[in-house]
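Data block below; observations after.
Chain letters run A, B, ... following the sequence lines, proteins first and then strands; every chain starts at 1.
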2 protein chains.
Amino acid sequence: MVTLAEVAQHAGVSASTVSYVLSGKRSISANTRQRVERSIRELGYHPNAGARALASSKSNIIALMVPLRTDMYVPVMMEIAIAVATSARAHGYDVLLLTGEEGPDAVRRVAGSGLADGMILMDVELDDERLPLLRATDQPSVLIGLPADTSGLTCVDLDFRATGALCVEHLAKQGHQDIAVIGEAPAVYERHTGFAERTLDGLRTRSRELGVRLLHRPCEGGYDAMAVTLARILDERPDTSGLIVQNESAVEPLLALLRQQGRAVPEDVSVVAICPDQVAMQASVRLTSVAIPAQEMGRHAVDQLVAKLEGRGSDEVVLLAPELTVRGSTGPAPSRS
Amino acid sequence: MVTLAEVAQHAGVSASTVSYVLSGKRSISANTRQRVERSIRELGYHPNAGARALASSKSNIIALMVPLRTDMYVPVMMEIAIAVATSARAHGYDVLLLTGEEGPDAVRRVAGSGLADGMILMDVELDDERLPLLRATDQPSVLIGLPADTSGLTCVDLDFRATGALCVEHLAKQGHQDIAVIGEAPAVYERHTGFAERTLDGLRTRSRELGVRLLHRPCEGGYDAMAVTLARILDERPDTSGLIVQNESAVEPLLALLRQQGRAVPEDVSVVAICPDQVAMQASVRLTSVAIPAQEMGRHAVDQLVAKLEGRGSDEVVLLAPELTVRGSTGPAPSRS
DNA sequence: ATAGGTTGTCGAAGCGCTTCGATGCGGATT
DNA sequence: AATCCGCATCGAAGCGCTTCGACAACCTAT
């Protein structure tokens, strides 16, 4: 293993000079810099991460806490995680992957050990048990998702309230009077996941304002669960002509069922999805949808965190504006029979 | 921040004693140990990761390189990643998330800087460009997936050759004579991804042995691509009665199309999927499938790597035996019209 | 009673890096 | 010619931990 000292000797300068060449924190003559850089290349030197962390008390690592559950909104999570890793690298940081498993202890461990300089939390619940710790340790952090109380926290999220409103508006504008929402699995609501409740709030508020009827039903993923849920909805509100789906793994089953029952999309029923663009475009019907901008969320979160770590940056809540893309699954409401 | 020295002072012992209490590398009297442990608790001491890494030249971190592509076999990747993170924690390791983006350089960076003690590579190609480096740096590592040349490497994977064989056998045993394989996207084959080619090999070899006809067609995910692919298959081999799908995002579209065309599963067509159990069970037809044991693969990889890091462990190729679960999507071949 | 072996603890020497103050030097300012 | 300043470099002091050899203290076998 090559050390700083060896590079210094090889280049005929002192260790500190090499260090300054590397960090750029003091001016170095062009001549010396080149000699040092050459030695670094020739010896294949790589600074030792541990030593660096110890001496500078900065690890250049960002911790990312992802939910343990592998069953829900997986693609979104994955996309965010990858976006985080990629943007972090662009800022010179590496990413440490923490699963929800350890829970709040992970926060303590990471903050205490100086393993990471800051952390990004995903899948934040409205009243998340990690938040008190986060506030207490003054560990620089950014949440992806919105808790109930955002004071003293930096958060990044899609504006799900506006998302809900947007979906209702779109359907209402086309004359739909009876709208049903097929939501995430019941467990998601029971955990008081921010995005689910906020979407619902936006949906309800806007539909009240616009005077349309709204029915919300949670739904597990998969075909059978969807079949039951759809039957219940149509039983309860036979005039339902607009459907809003916020559950990736319910999308395709829903379309299959509608087809099977002879309900044409969008002639008989309009469907709006809240899902990644890819899902909306790969479905058996091109779905009108509000995209979940996973990449952008990940990138924003990193940008915010890095800003904090560099002393700039503040406790801000960034809500990304939703965008509804009209594709083939929505159209005018059918005239009442 | 609390340091070892402070704990030592608080407990009235020397720093080295505290260190030995923590590591258990020398015997300590019960009395002293308790005093030290009490001080640790009272002061809320957490060892500093950087200092530890520097002094011991072990970071207790495992690097996990995941493919950058977010479009393919995502759930499997995610499940593996989470399994890796979870098992690693159980062994006292944290996980550093690297994306494929950096390519081989990531290997150099991690190995050189001592950031991680070892690494796990996913999405290994048959002739992966990271392998030469891996062999050169003698960085302890484990691959998930099989390259062409496994000499000097430790690999963990599902036995995809056996998987392919198993699928063919199952269908052949039910009398199917014309079998079509709907594979991963063409890009996957072009990259020479090990698992895809091996599966194909298993499928072909076994079908030759059993004297059944086999047609293989790569297929992008999504409904449209599937429609085209299916049409081509049925055009070319109208007698096809057995389908084998190895592409998660083609499963549901396939079922929808078959339904739409009035082909009953399993009466007219039998379908075997190679996919995670969850996908097979959530589909609109309970799919007979060979599971991709993502969790197990992740766990095995970590176990192997940890064994290597502790000096035990060898360069072994672990192939997990495939298991075919019969569900509702396969049955006897229809008698020829 | 004495040599020999355990057991439990301590002190000190690093691990490889960053960073601060000091220093030498040439050029600009009086 | 004396003074001041900025630039480029160096030396040394740590950062918080692990680990090795040393050493008392005690126990056992002779």
Side-chain angles (χ1 to χ4, degrees), chain A residues 1-37 39-40 43-61 92 109-117 309-310, chain B residues 1-37 39-40 43-61 92 109-117 309-310:
Chain A
M1 181 190 211
V2 190
T3 70
L4 227 215
E6 294 174 295
V7 174
Q9 194 175 2
H10 185 271
V13 298
S14 76
S16 47
T17 300
V18 178
S19 178
Y20 286 123
V21 167
L22 252 30
S23 68
K25 293 193 179 171
R26 283 200 185 175
S27 50
I28 297 284
S29 69
N31 190 327
T32 309
R33 159 179 287 98
Q34 280 165 15
R35 264 209 336 278
V36 170
E37 281 167 352
S39 297
I40 289 179
L43 300 181
Y45 168 72
H46 281 271
N48 180 83
R52 233 176 201 187
L54 177 56
S56 66
S57 5
K58 303 188 10 29
S59 62
N60 277 288
I61 289 183
R109 197 166 60 82
V110 169
S113 66
L115 231 187
D117 296 332
L309 292 176
E310 290 176 355
Chain B
M1 180 189 215
V2 191
T3 70
L4 227 216
E6 295 175 292
V7 174
Q9 193 175 4
H10 185 271
V13 298
S14 76
S16 46
T17 301
V18 177
S19 178
Y20 287 124
V21 167
L22 252 29
S23 68
K25 293 193 176 171
R26 283 200 184 175
S27 51
I28 297 286
S29 69
N31 190 328
T32 309
R33 161 181 282 96
Q34 281 165 14
R35 264 210 333 278
V36 170
E37 281 167 351
S39 297
I40 289 179
L43 300 181
Y45 168 72
H46 281 270
N48 180 82
R52 246 187 187 175
L54 178 56
S56 65
S57 9
K58 305 190 8 21
S59 62
N60 277 287
I61 289 182
R109 198 167 60 83
V110 169
S113 67
L115 232 186
D117 296 333
L309 292 177
E310 290 175 356

Is there a donor-acceptor contact under 3.5 Å from the side chain of R26(A) to the main chain of Y20(A)?
-> no

Which nucleotide in the set dC15(D), dT19(D), dC10(D) lies at the smallest distance from any side-chain heavy atom of A55(A)?
-> dC15(D)

Test R52(B) against every option in S19(B), P47(B), S57(B) by the side-chain contact (heavy atoms from CB on, under 4.5 Å) rule and name the one that passes.
-> P47(B)

For L22(A) and dG16(C), what is the distance between atoms CG and P respectively, to the nearest whole Å?
-> 16 Å

Examine the base of dT9(C) for any acceptor or donor lying under 3.5 Å from a partner atom in the side chain of R26(B), and report the outcome as yes or no.
-> yes

Go through dA8(D), dT18(D), dG16(D) for me and flag the one nearest to the S56(B) side chain.
-> dT18(D)

Between NE2 of H46(B) and P of dC17(D) the distance, given in whole Å, is 12 Å

Between atom CG in N48(A) and atom P in dC17(D), what is the gap in whole Å?
-> 17 Å

Partner set under side chain to side chain donor-acceptor pair (under 3.5 Å) for D117(B), not counting sequence neighbours | S59(B)

Do you know the tightest heavy-atom contact between G12(A) and R35(A)?
-> O-NH2, 4.0 Å

Return no unless some side-chain N or O of K25(A) is found under 4.0 Å from OP1 or OP2 of dT19(C).
-> yes

Measure distances between side-chain N and O atoms of S14(A) and base N and O atoms of dG11(D), and say whether any donor-acceptor pair falls under 3.5 Å.
-> no

Closest listed nucleotide, where the reference is the side chain of V13(B) and the choices are dA8(D), dC17(D), dC10(C) = dC10(C)

5'-most contact on DNA chain C: A15(A) or N31(B), nearest heavy atom basis?
-> N31(B)

So does S29(A) get a side-chain nitrogen or oxygen closer than 4.0 Å to the phosphate oxygens (OP1/OP2) of dT9(D)?
-> yes

Is any N or O donor-acceptor pair between the side chain of S16(B) and the base of dG11(C) shorter than 3.5 Å?
-> yes

Which of dT9(C), dA12(C), dG16(D) is nearest the side chain of L54(A)? It is dG16(D)

Interatomic distance where CG belongs to L115(B) and P belongs to dC15(C) [whole Å] | 20 Å

Interatomic distance where CE belongs to M1(B) and C1' belongs to dG16(D) [whole Å] = 8 Å

Side-chain N or O of S19(A) closer than 4.0 Å to phosphate OP1/OP2 of dT18(C) | yes

Take the protein atom CZ of R35(B) and the nucleotide atom C1' of dG8(C), then report the distance between them rounded to whole Å.
-> 12 Å

Let me know, please, whether Y20(B) or G50(B) comes out on the 5' side of the other along DNA chain D by nearest nucleotide.
-> G50(B)

Atom-pair distance (CG on L4(B); C1' on dT19(D)), nearest Å = 12 Å

Could you give the NZ-to-P distance, from K58(A) to dC15(D), as a whole number of Å?
-> 19 Å

Greater than 12 external heavy atoms within 6.0 Å of E6(A)'s CD | yes

